[in-house]
Undergrad: 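Following this message is one structure expressed as structure tokens.
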Protein chains: 2
Amino acid sequence: MARTDVRFRRAYNRLIELCGALAPGGSLPSENALAAEFGVSRTVVRAGLKRLVKVGILSWDGREKTVLRCPEERDRLALDGAASGDDMEELEARFLDWVLRFDVPAGTPLNVAQLSRDFGVAPHRLQEFLSSFTPFGLVERRPHGGWTLLGFTRDFAVELSEFRSVLELNAVRHVVNAPVDHSIWRQLGQIRGEHLALKEQIDAKFHDFSKLDERFHTALNSVVRNRFVAEFQKVISLIFHYHYMWDKTDERRRNAAAIEEHLALIDALEKRDAAAAEEAARGHLRTSMTTLLSSLRDHQLG
Amino acid sequence: MARTDVRFRRAYNRLIELCGALAPGGSLPSENALAAEFGVSRTVVRAGLKRLVKVGILSWDGREKTVLRCPEERDRLALDGAASGDDMEELEARFLDWVLRFDVPAGTPLNVAQLSRDFGVAPHRLQEFLSSFTPFGLVERRPHGGWTLLGFTRDFAVELSEFRSVLELNAVRHVVNAPVDHSIWRQLGQIRGEHLALKEQIDAKFHDFSKLDERFHTALNSVVRNRFVAEFQKVISLIFHYHYMWDKTDERRRNAAAIEEHLALIDALEKRDAAAAEEAARGHLRTSMTTLLSSLRDHQLG
DNA sequence: AAACGGAACTTTATGATTAAAAACAATTTG
DNA sequence: CAAATTGTTTTTAATCATAAAGTTCCGTTT
């Protein structure tokens with residue numbers, strides 16, 4: 001009924017390592033120095049030191065911290081569970097995975113307790129997670145408590161695609177006007193090369209397109225230095241990415257076509273032809289939306 | 001240490017009203033009917049009925065629910081505290097108010113415990129609230145717990161304005177292509193009238209412009225039926241609204257100029273002149289951003 | 001001046017408790 | 001006897017309290 005002490009355990013293990021590196025008789029640096037090195041507060045360091053004293057590895061008096069004996073492997077504290085890194089992103093991935101894989105219908109009430117058990121996270125963590133999704137219209141808080149999954153309805157897909165188009169056409173206009181020495185031109189050159197390479201081996205490697213696609217769109221949007229655009233771009237690519245992952249129908253042909261569209265857009269951009277670039281972008285966004293919609297339909301029928 | 005019983009209290013008071021409407025001797029509908037009408041579960045209804053029996057207003061045996069006496073005002077249960085409606089929106093308003101009124105500098109660490117005391121809400125409520133603001137880049141979670149207010153920096157204002165421009169120019173393009181019988185034309189006609197009326201009395205009523213401005217922009221954006229646009233529009237108008245509220249310098253002149261810009265845009269739209277409309281919109285958005293930026297500067301110098 | 005010792009305070013995770021909802025079974029009524 | 005209503009039980013979820021971990025700030029020591 002309190003917060004976990006992974007923080008302490010990690011720090012303690014690093015202390016152990018430090019003592020191991022020093023010969024018995026050596027001295028540890030100051031509490032502040034240790035805290036700074038481990039990226040924790042002094043309190044944690046001191047708790048660790050206290051424990052080292054207790055198990056007889058260290059003698060500690062004021063600022064004298066002398067290693068008494070070499071720590072052994074069994075002195076380390078066990079870090080049970082993954083608990084590493086940023087849980088939020090993994091949770092996001094798992095949640096979207098769940099929603100799409102099991103084809104949860106729109107309007108399903110979400111049971112926070114149940115989900116938190118399934119996903120192995122604390123209920124309030126899930127709560128926070130869900131509320132972070134609210135602005136994107138994926139879930140909704142019900143008036144009398146609880147949550148509803150609004151889900152990937154047709155309307156959602158259409159509106160998402162439209163919004164994406166608005167942002168992306170804006171990005172294209174920015175790129176056309178980008179100075180010659182902007183890094184985007186180098187990036188586009190490289191991406192064009194990768195497209196051509198993939199085109200050669202499309203039958204064998206058409207699966208690799210998804211990643212290339214994401215890189216291409218991310219590069220375009222990165223020209224617009226805007227935190228709101230970037231934020232939405234993240235969500236958009238997440239959702240498109242997940243949908244493509246589950247929609248395997250006709251993938252080779254789709255990807256081959258998309259490669260051509262990308263190449264046409266890159267050509268127009270490099271010629272600084274605003275009209276042609278916009279036209280190419282519109283065309284590509286249109287097919288993209290069509291694909292998303294048909295994948296939705298297939299998914300619902302299947 | 002348990003959930004509140006506002007739900008029960010509200011339902012009970014509605015039962016009281018119902019009993020009052022019926023003459024003594026009248027019968028109440030079924031539990032299910034009552035539950036459906038009040039929008040609560042049968043459990044709550046039954047608890048209410050039980051209580052009515054206890055205070056002698058009702059005789060209840062099986063499906064016989066007979067009113068014994070007329071309930072009085074003091075029979076009602078007190079609903080202490082605001083607790084009504086959606087707290088979240090009020091909290092939002094108070095939070096933004098606090099941020100702007102006290103000119104909290106960017107990068108300030110937010111103390112959840114402190115704020116939750118100040119605002120009189122439970123810490124976890126505030127936590128959830130803050131996390132709902134994260135996608136908009138207003139606050140940020142610090143790696144070792146706690147929150148940082150990223151605040152209304154210059155960059156934030158610029159990027160917000162840019163994003164607004166992208167959305168609004170898109171809206172303008174939609175309006176130009178809207179069919180003749182679209183409700184926007186009626187709305188624009190009315191809004192134009194109000195602009196002209198306000199222009200006549202600009203010296204006396206220039207304060208009224210803020211609301212008119214919001215209505216104008218909301219009307220434009222409503223033509224783009226898109227949940228993402230709508231969501232962002234909400235945030236944008238919130239922030240612009242709050243800033244204008246505190247920046248009173250030169251307000252009369254500013255508003256008079258904005259009225260002219262609005263009128264020019266409405267004219268261009270009604271003529272279906274896409275180029276002129278875009279030009280007018282760009283001009284207006286530019287001055288809007290300039291105003292926001294200068295208000296920021298004044299605010300920081302003051 | 002830098003490092004330490006300690007206390008006060010925050011954040012965070014979990015229990016306890018109760019309200020409310022939902023599920024289920026039994027009963028009545030038309 | 002089918003549908004509706006009621007009685008009962010089980011789950012779910014909102015709230016607060018609590019306790020541990022962690023941070024920060026203070027004065028003190030070296």
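The structure presented is a predicted model; accordingly, all values stated were derived computationally and were not measured. We name chains A, B, ... by the order of the sequence lines, and we start the count at 1 in each one.
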Undergrad: Could you tell me how far apart A:E31 (CD) and D:dT30 (P) are, to the nearest whole angstrom?
TA: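 The answer, rounded to whole Å, is 14 Å.
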Undergrad: Atom CG of B:L115 to atom C1' of C:dC9: distance rounded to whole Å?
TA: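 It is 15 Å, rounded to the nearest whole Å.
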Undergrad: To the nearest Å, give me how far apart CG (A:L110) and P (D:dT12) are.
TA: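 The distance from CG of A:L110 to P of D:dT12 comes to 14 Å, rounded to the nearest Å.
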Undergrad: Could you check how far CG of B:L34 sits from C1' of D:dA4, rounded to whole Å?
TA: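 My rounded result for the distance is 14 Å.
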Undergrad: Excluding sequence neighbours, so at least two apart, what forms ring pair (Phe, Tyr, Trp, His ring centres under 6.0 Å) with A:F38?
TA: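 Residues passing ring pair (Phe, Tyr, Trp, His ring centres under 6.0 Å) with A:F38: none at all.
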Undergrad: Hey, does B:T43 reach any base, or is it just sugar-phosphate, or nothing, if we go heavy atoms under 4.0 Å?
TA: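 Answer is base: heavy atoms of B:T43 come under 4.0 Å of a base.
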Undergrad: Looking at every strand, decide which applies to B:L49 at a 4.0 Å heavy-atom threshold: base, sugar-phosphate, or nothing.
TA: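 Result for B:L49 = nothing.
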Undergrad: Do the numbers put A:R51 on top of the ring of A:Y12, so that NZ or CZ is under 6.0 Å from the six-membered ring centre and no more than 45° off the axis?
TA: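 Judged by the rule (NZ or CZ under 6.0 Å from the ring centre, within 45° of its axis), A:R51 counts as positioned above A:Y12.
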Undergrad: Could you tell me whether the phosphate oxygens of C:dT11, OP1 or OP2, come under 4.0 Å of any side-chain nitrogen or oxygen in B:N111?
TA: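 For B:N111, the contact criterion (side-chain N or O under 4.0 Å from OP1 or OP2 of C:dT11) is met.
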Undergrad: Not counting sequence neighbours, which residues clear side-chain contact (heavy atoms from CB on, under 4.5 Å) with B:A35? List them please.
TA: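 B:R42, B:V45.
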Undergrad: For a quick check of understanding: with a heavy-atom distance under 4.0 Å over all strands, which category does B:D5 fall into, base, sugar-phosphate or nothing?
TA: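 The residue B:D5 makes sugar-phosphate contact but no base contact.
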Undergrad: Taking the ring centre of each residue, are B:F228 and A:F156 less than 6.0 Å apart?
TA: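 Ring centres of A:F156 and B:F228 closer than 6.0 Å.
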Undergrad: Measuring from atom CG of B:L58 to atom NZ of B:K50, what distance do you get when rounded to the nearest 0.5 angstrom?
TA: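 Between atom CG of B:L58 and atom NZ of B:K50 there are 13.5 Å.
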Undergrad: Test A:W60 against every option in A:L49, A:L28, A:L52 by the side chain to side chain contact (heavy atoms under 4.5 Å, CB included) rule and name the one that passes.
TA: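 When side chain to side chain contact (heavy atoms under 4.5 Å, CB included) is applied between A:W60 and each of A:L49, A:L28, A:L52, only A:L49 qualifies.
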Undergrad: Check the distance between D:dA21's P and A:L77's CG and give it to me in whole angstrom.
TA: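 Atom CG in A:L77 sits about 12 Å away from atom P in D:dA21.
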Undergrad: Starting at the 5' end of DNA chain D, which residue's closest nucleotide do you reach first, A:R42 or A:R7?
TA: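 Its nearest nucleotide being more 5', the pick is A:R7.
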Undergrad: Taking the side chain of A:R3 as heavy atoms from C-beta outward, which of D:dA14, D:dG22, D:dT5 is closest to it?
TA: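 Within the option list, the nearest is D:dG22.
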Undergrad: Taking the inter-plane angle between the rings of A:F95 and A:F129 on a 0 to 90° scale, is it parallel (under 30°), tilted (30 to 60°) or perpendicular (over 60°)?
TA: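 If you compare the ring of A:F95 with that of A:F129, the planes turn out perpendicular.
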Undergrad: If you assign A:P29 and A:T4 each to the DNA chain C nucleotide with the nearest heavy atom, which residue ends up on the more 5' nucleotide?
TA: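 Mapping each residue to its closest nucleotide by heavy atoms, the 5'-most match is A:P29.
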Undergrad: Compare the minimum distances between each of D:dG7, C:dT10, C:dT12 and the side chain of B:R117, then state the nucleotide with the smallest one.
TA: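 Closest nucleotide to the B:R117 side chain: C:dT10.
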Undergrad: Nearest of D:dG22, D:dC25, C:dA3 to any side-chain atom of A:S30?
TA: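 Minimum distance to the A:S30 side chain belongs to C:dA3.
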Undergrad: Below the 4.0 Å mark, does C:dT11 have OP1 or OP2 next to a side-chain nitrogen or oxygen of B:Q127?
TA: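 It does not, given that no N or O in the side chain of B:Q127 lies less than 4.0 Å from OP1 or OP2 of C:dT11.
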Undergrad: Rounding to a whole Å, what distance do you find between B:R141:CZ and C:dT11:P?
TA: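 Rounding to the nearest Å, CZ of B:R141 and P of C:dT11 are 11 Å apart.
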Undergrad: Any idea which of C:dT11, D:dT6, C:dT12 is nearest the B:N32 side chain?
TA: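 Closest nucleotide to the B:N32 side chain: D:dT6.
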Undergrad: Where do B:E31 and B:K65 land on the salt bridge (charged side-chain N to carboxylate O under 4.0 Å, His left out) test, with the steps shown first?
TA: CA-CA 10 Å; B:E31 296 172 11; B:K65 293 179 281 283; 5.2 Å; no
Undergrad: Does the base of C:dA22 carry an N or O that pairs as donor and acceptor with the side chain of B:S41 under 3.5 Å?
TA: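 Such a pair does not exist between side chain and base.
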Undergrad: Identify, residue by residue, the members of residues 51-69 of chain A with a heavy atom below 4.0 Å from DNA chain C, and return them in order of residue number, or none.
TA: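 DNA chain C contact set from residues 51-69 of chain A: A:W60, A:G62, A:R63, A:K65.
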Undergrad: Please determine, for the side chain of B:R46, which listed nucleotide (C:dA20, D:dG22, D:dG7) has the closest atom?
TA: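 Looking only at heavy atoms from C-beta outward on B:R46, the closest nucleotide is D:dG7.
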Undergrad: Specify the separation, in whole Å, of atom OH of A:Y12 and atom P of D:dG22.
TA: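 For the pair A:Y12 OH and D:dG22 P, the rounded distance is 15 Å.
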Undergrad: Rounded to whole Å, please give me the gap between CH2 in A:W147 and C1' in D:dA14.
TA: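 That distance rounds to 13 Å.
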